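Quick caveat, the model's predicted, so the values are computed rather than measured. Counting starts at 1 for both ligands and their atoms, following the listed order. As a basis for the values below, the full set of heavy atoms in this structure was taken, side chains included, without hydrogen atoms, waters or symmetry mates.
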Amino acid sequence: MTLLFAFPEQMPLAHTLPAPLGEWTWRHFPDGESLVQVHTPVSGKDTAILCSLNQPDEKTLPLLFLARTLKDLGARKVTLIAPYLGYMRQDIRFHPGEAVTADLYADLLSPYLDALITIDPHLHRHPRLEDIYRCECTVLSATSLMAQWIVQHVAAPMIIGPDQESHQWVARIADEAKAPYAVLSKTRHSDHEVDIQLPEMATRQHVTPVIIDDIISTAGTMIKTVELLRDQGFSTIYCLATHALFAGEAYTHLQAAGVTRIVTADTLPHASNGMAIATLLTPHLG
Ligand code: R5P
């Protein structure tokens, strides 16, 4: 079985997985440089690093140091399990002179990895992860977990996708939960400001809206959608997402917008976690 090296904040998730844990440490010298040390023998073994890549800048160097050290010490295979894979949204140059960081970050990580496993990466203009990551790629999805959660908790759900990107997840969830769905159109003006068009839903007052997104970051997208639904008379509204990024005060702002419940998968540890990804990852730890 794969020997799992978990980053500190993923230890709770690591303990829900059936893989044996490898021991490693990451400390800083007084001048701030990182020192990574592997304590468990890895020669000839398949290894995996469990590290969600939110706040990726601070995690990337130790991640690369660990991946290369596992290889140096004889590991047969080094897989990165990044339940949340960062740097996927900047997949084109939106404004002149900007870096296309989705491609650059993939270029940086790929040489250190034999394989990459992730959940609901923000694949939009790059349809496949293999288009940018040059290693074996496995893309898992939390859509089944969401569909199951909805079936168990929401009577007469209507699945709402706040933007075109969400269509891929929303259609699958609606199909599995046997619910109707609508995909809205969103224009982003800045990091925090979005405009969303919600069609008139007067004839739909018998349904309970469940808004689905891959990521909640500033929560601007969710909050705007909740406000539009409330303006149309809906008072019970659920927000479900795979990745609970919640920048700054985003979580309290979304709660204050009048949401009945916010539920996320545990790709990132957060108070809103209510869907366990262990069942998705376990078959890949053989
Ligand atoms: C964007 O295309 C994504 O699917 C999410 O809608 C977006 O990342 C959410 O960001 P925020 O919470 O900042 O509105």
Using residues 277-286 as the side-chain source, report each donor-acceptor pair under 3.5 Å to any protein atom, sequence neighbours left out, with the distance given to one decimal.
from, atom 1, to, atom 2, distance (Å)
Thr282, OG1, Ala278, O, 2.7

| request: Would you name the heavy atoms of Leu85 and Thr118 that are closest together and state the gap between them? | output: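 Shortest heavy-atom separation between Leu85 and Thr118 comes out as CB-OG1, 3.5 Å.
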Show every donor-acceptor pair shorter than 3.5 Å between a side-chain atom in residues 94-101 and any protein atom, with sequence neighbours excluded, or say none if there are none.
from, atom 1, to, atom 2, distance (Å)
His95, ND1, Glu98, OE2, 2.8
Glu98, OE1, Gln90, NE2, 2.8
Glu98, OE1, Phe94, N, 3.2
Glu98, OE1, His95, N, 3.2

| task | Might you list the protein residues in contact with ligand 1, defined as having a heavy atom under 4.0 Å from one of its atoms, sorted by chain and number? | result |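 For ligand 1, the contacting residues are Arg89, His122, Asp163, Glu165, Lys186, Arg188, Asp213, Asp214, Ile215, Ile216, Ser217, Thr218, Ala219, Gly220, Thr221.
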| request: Quick one: which residue pairs count as a side chain to side chain donor-acceptor pair (under 3.5 Å) with a foot in residues 60-83, not counting sequence neighbours? | output: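 Counting only pairs at least two positions apart or across chains, the side chain to side chain donor-acceptor pair (under 3.5 Å) contacts touching residues 60-83 are Asp46-Arg76, Thr60-Tyr105, Lys71-Asp114, Lys77-Glu136.
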| query | So, are Asp107 and Arg134 salt-bridged, with charged N and O less than 4.0 Å apart? | reply |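 A salt bridge links Asp107 with Arg134.
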| request: Only one of Leu129, Thr138, Leu80 passes side chain to side chain contact (heavy atoms under 4.5 Å, CB included) with Ile117; say which it is. | output: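 Of all the options given, the one that passes is Thr138.
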